[in-house]
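Each chain gets a letter, A, B and so on, in the order its sequence line appears, and its residues count up from 1.
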2 protein chains.
Amino acid sequence: MSPSRPNGLSRQPRNVVSRGIPEATVARLPVYLRALVSLAERGATTVSSEELAAAAGVTSAKLRKDLSHLGSYGTRGVGYEVEYLVYQISRELGLSQDWRVAIVGIGNLGHALANYGGFASRGFRVVALLDAGEVVGEKVAGLTVASVDDLEHVVKEQEVSIAVIATPGAAAQPLCDRLVAAGITSILNFAPVVLQVPEGVKVRKVDLSTELQILAFHEQRKSAAVLGIDADVVAQAFVEAAQ
Amino acid sequence: MSPSRPNGLSRQPRNVVSRGIPEATVARLPVYLRALVSLAERGATTVSSEELAAAAGVTSAKLRKDLSHLGSYGTRGVGYEVEYLVYQISRELGLSQDWRVAIVGIGNLGHALANYGGFASRGFRVVALLDAGEVVGEKVAGLTVASVDDLEHVVKEQEVSIAVIATPGAAAQPLCDRLVAAGITSILNFAPVVLQVPEGVKVRKVDLSTELQILAFHEQRKSAAVLGIDADVVAQAFVEAAQ
DNA sequence: AGGCACGTGTGAACGTGTGCACAAAGTCGC
DNA sequence: GCGACTTTGTGCACACGTTCACACGTGCCT
């Protein structure tokens, strides 16, 4: 039964990517990028960590540490050259190439996503729309909606590398399985379910009601705090009253 | 010059709320809740940490630790009673009360959000839609779209406690300022900008292209790894070629 | 040319989050 | 009722992330 194995083996850091860049930093790079582009449009040529941090909503120390993971792209006593930094972050995020995106599920949200201009702006091109309903055959945002029956074919034909799932919850998992089988390894999921995928497939989830629930939690705490009430005590009383 | 002050003072933990519950745990509670409701619909009355964890996409140890922050609601040797746990998590998240939500910006995304059924399901009620364009006066999802000119009035009249911003980037900050001035302290932001808000106001951001960029980063790394190439080396060569 | 002001890059300390492994606590069968 | 089995709740160790504070590089001014 071997009660205490040494088990110091097979430990691979999963949150740190390759030889570099912590996950938390990666998640912030897009924010920096947007802030930089915005600054560039306003004509700025250099920017200090303090300024950029303010624009991105983080502290300057965090920003500097994040950027230091990409290399030493700043100049001491001056700051960072905006254009050069835009280039470096874009490159690191892989935005030099064009990513071909398919949207699965053309309901309200799918429509909105298809028409959303923000995709094209930075390296993302929506190349396929898929649905199972009456929308099939219609033109949406310049593309004809294809049937999910042809999913495998469309994915291969259009060389899709990222899929966006915007279906009702029940349809998401089966479609996800088919996408994975078709070779997709990056999925952005808007459906309110936790997708089960094999190792090597990356899923990111965007969930509206989850976000609202987190806000509600904090809002509730605030209300209780204003009244000078310990929320836990209230909760306890509530439980007892309910019993 | 006092080279090393002890400086252990005025340190208040900001990520831990009140007397309890770590932020990371709060972010997962909605996921557990959904998994539990789904299980309940399938007729389950009790569930083990192992099962629930699988359904929620986390490890069982993490789940147990998360739930332990709410109290001891499980039974050793058996598991958790599904219905009771649903109740406890709902209560903790503040879903016992109805949250009144306003959506600002009724474009493609605003439409989709207004029609999204997932809101009503758990304590969230959309009570106001606001826009500045031609949509004003139209009926969307059973509500008449009001003008943003009346924002302050509508917020007060409808007792809005959470605002959702779904406008273009440029409009977001001014509207945010007005919402905050009108007393809103919880905002869900879909606009592609970092909102600046005073202390005490909680903003959560959902950003489609940010998510795609994070996926692209990992996808890029994967491609390079498959080819047996160190991505950093490629990047370096790329930089040199560009100079 | 030399000092000075400025701002980056980073080592070290701290706090938060995760994973392991097991004792405590409960149930079920006999 | 007692023992074997199951599963929770948690102490501990470690990994990750953030913050602090300052040395050092860079440009500017005299």
Side-chain angles (χ1 to χ4, degrees), chain A residues 1-18 20-29 32 44-54 56-82 84-85 88, chain B residues 1-18 20-29 32 44-54 56-82 84-85 88:
Chain A
M1 230 167 286
S2 71
S4 67
R5 260 184 300 166
N7 83 347
L9 57 118
S10 80
R11 178 65 59 87
Q12 63 172 1
R14 226 176 324 207
N15 278 347
V16 167
V17 187
S18 171
I21 309 185
E23 190 61 34
T25 296
V26 173
R28 282 188 294 265
L29 288 181
Y32 301 154
T45 58
T46 63
V47 63
S48 72
S49 65
E50 205 72 50
E51 295 171 289
L52 182 52
V58 299
T59 65
S60 60
K62 201 187 276 186
L63 175 81
R64 287 201 301 277
K65 184 143 284 187
D66 283 343
L67 294 184
S68 77
H69 286 116
L70 313 190
S72 273
Y73 297 141
T75 309
R76 298 179 185 218
V78 179
Y80 302 89
E81 201 196 326
V82 174
Y84 186 55
L85 200 50
Q88 289 298 344
Chain B
M1 229 167 288
S2 72
S4 67
R5 257 185 304 167
N7 83 346
L9 57 117
S10 79
R11 178 64 57 90
Q12 64 172 2
R14 225 175 328 207
N15 278 347
V16 167
V17 188
S18 172
I21 308 185
E23 192 61 33
T25 296
V26 172
R28 282 188 294 265
L29 288 180
Y32 301 155
T45 58
T46 63
V47 64
S48 71
S49 64
E50 204 71 50
E51 295 171 290
L52 182 51
V58 299
T59 65
S60 62
K62 200 186 277 186
L63 175 80
R64 288 200 300 278
K65 187 150 285 186
D66 283 343
L67 293 185
S68 76
H69 286 117
L70 313 190
S72 273
Y73 296 141
T75 310
R76 296 176 188 222
V78 178
Y80 301 88
E81 202 197 324
V82 174
Y84 185 55
L85 200 50
Q88 289 298 343

Participant: How many angstroms lie between NZ in B:Lys62 and OG in B:Ser49, if you round to the nearest 0.5 Å?
Facilitator: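 If I round to the nearest 0.5 Å, the distance is 14.0 Å.
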Participant: Taking 4.0 Å as the cut-off, does a side-chain nitrogen or oxygen of A:Ser49 come that near to OP1 or OP2 on C:dT8?
Facilitator: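 It does, given that an N or O in the side chain of A:Ser49 lies less than 4.0 Å from OP1 or OP2 of C:dT8.
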Participant: Quick one: A:Leu70 CG to C:dT10 P, roughly how many Å, whole number?
Facilitator: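 For the pair A:Leu70 CG and C:dT10 P, the rounded distance is 12 Å.
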Participant: With a 4.5 Å cut-off on side-chain heavy atoms, are B:Tyr32 and B:Val58 touching?
Facilitator: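 Yes; the side chains approach each other to less than 4.5 Å.
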Participant: Which distance, rounded to the nearest 0.5 Å, do you find between the CZ of A:Arg64 and the NE2 of A:His69?
Facilitator: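 Atom-to-atom, A:Arg64:CZ and A:His69:NE2 are 13.5 Å apart.
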Participant: Can you figure out which of C:dG17, D:dG9, C:dT27 approaches the side chain of B:Val78 most closely?
Facilitator: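 Taking heavy atoms from C-beta onward, the closest nucleotide is C:dT27.
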Participant: Which comes earlier along DNA chain D counting from the 5' end, the contact point of A:Ala61 or that of A:Gly77, where each point is its nearest nucleotide?
Facilitator: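 That would be A:Ala61.
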Participant: Examine the base of D:dT19 for any acceptor or donor lying under 3.5 Å from a partner atom in the side chain of A:Lys65, and report the outcome as yes or no.
Facilitator: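 Pair found.
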Participant: Against A:Tyr80, only a single residue in A:Thr75, A:Leu67, A:Thr46 fulfils side chain to side chain contact (heavy atoms under 4.5 Å, CB included); can you say which?
Facilitator: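 Between A:Tyr80 and the candidates, side chain to side chain contact (heavy atoms under 4.5 Å, CB included) is satisfied uniquely by A:Leu67.
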Participant: Send over the distance from B:Glu81 CD to D:dT8 C1', rounded to a whole Å.
Facilitator: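 Going from B:Glu81 (CD) to D:dT8 (C1'), I get 15 Å.
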Participant: Would you mind reading off the distance between A:Glu50 atom CD and C:dT8 atom P, rounded to a whole angstrom?
Facilitator: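 Taking CD of A:Glu50 and P of C:dT8, I get 8 Å after rounding.
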Participant: Report the nucleotide, chosen from D:dG17, D:dC20, D:dT8, that has the shortest atom-to-atom distance to any side-chain atom of B:Tyr80.
Facilitator: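 Output: D:dT8.
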Participant: Looking only at the side chain of B:Arg64 (C-beta and beyond, no hydrogens), which of the listed nucleotides D:dT10, D:dT18, D:dC20 gets closest?
Facilitator: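 It is D:dT10.
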Participant: What's the closest nucleotide to the side chain of A:Ser68 if the choices are C:dG9, C:dG19, C:dA24?
Facilitator: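 When the side chain of A:Ser68 is considered, C:dG9 is the closest of C:dG9, C:dG19, C:dA24.
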Participant: What is the distance, to the nearest angstrom, from the NE2 atom on B:His69 to the C1' atom on C:dT18?
Facilitator: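 Checked: the NE2 to C1' distance equals 12 Å.
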Participant: Remember a base hit wins even if backbone is also touched, and classify A:Thr25 as base, sugar-phosphate or nothing at under 4.0 Å, heavy atoms.
Facilitator: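 The residue A:Thr25 makes no contact with any strand.
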Participant: With a 4.0 Å limit, can you tell me whether B:Ser48 has a side-chain N or O closer than that to the phosphate oxygens OP1/OP2 of D:dT7?
Facilitator: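 So the side-chain polar atoms of B:Ser48 never come under 4.0 Å of the phosphate oxygens OP1 or OP2 of D:dT7.
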Participant: Whole Å only: how far is the CG atom of B:Leu85 from the P atom of D:dT8?
Facilitator: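 Atom-to-atom, B:Leu85 to D:dT8, this comes out as 11 Å.
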Participant: For a quick test of reading the model, state the closest non-hydrogen atom pair linking B:Val47 to B:Leu52 and the distance between them.
Facilitator: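 Closest heavy-atom pair between B:Val47 and B:Leu52: CG2-N, 3.7 Å.
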Participant: Students often get this wrong, so: under 4.0 angstrom with heavy atoms, is A:Ser60 touching a base, only sugar-phosphate, or nothing?
Facilitator: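 Contact class for A:Ser60: none.
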Participant: If I take atom CG in residue B:Leu52 and atom P in nucleotide D:dG9, what distance separates them, rounded to the nearest angstrom?
Facilitator: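 From B:Leu52 CG to D:dG9 P: 12 Å.
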Participant: Rounded to whole Å, please give me the gap between CG in A:Leu63 and C1' in D:dT18.
Facilitator: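 Checked: the CG to C1' distance equals 13 Å.
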Participant: Check this one for me: any side-chain N or O of A:Thr75 less than 4.0 Å away from OP1 or OP2 of D:dT26?
Facilitator: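 No, A:Thr75 has no side-chain N/O under 4.0 Å of OP1/OP2 on D:dT26.
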Participant: Please determine, for the side chain of A:Arg76, which listed nucleotide (C:dG7, C:dT18, D:dT8) has the closest atom?
Facilitator: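 Taking heavy atoms from C-beta onward, the closest nucleotide is C:dG7.
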Participant: Rounded to whole Å, how long is the line connecting atom NZ of B:Lys62 with atom P of D:dC14?
Facilitator: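 For the pair B:Lys62 NZ and D:dC14 P, the rounded distance is 19 Å.
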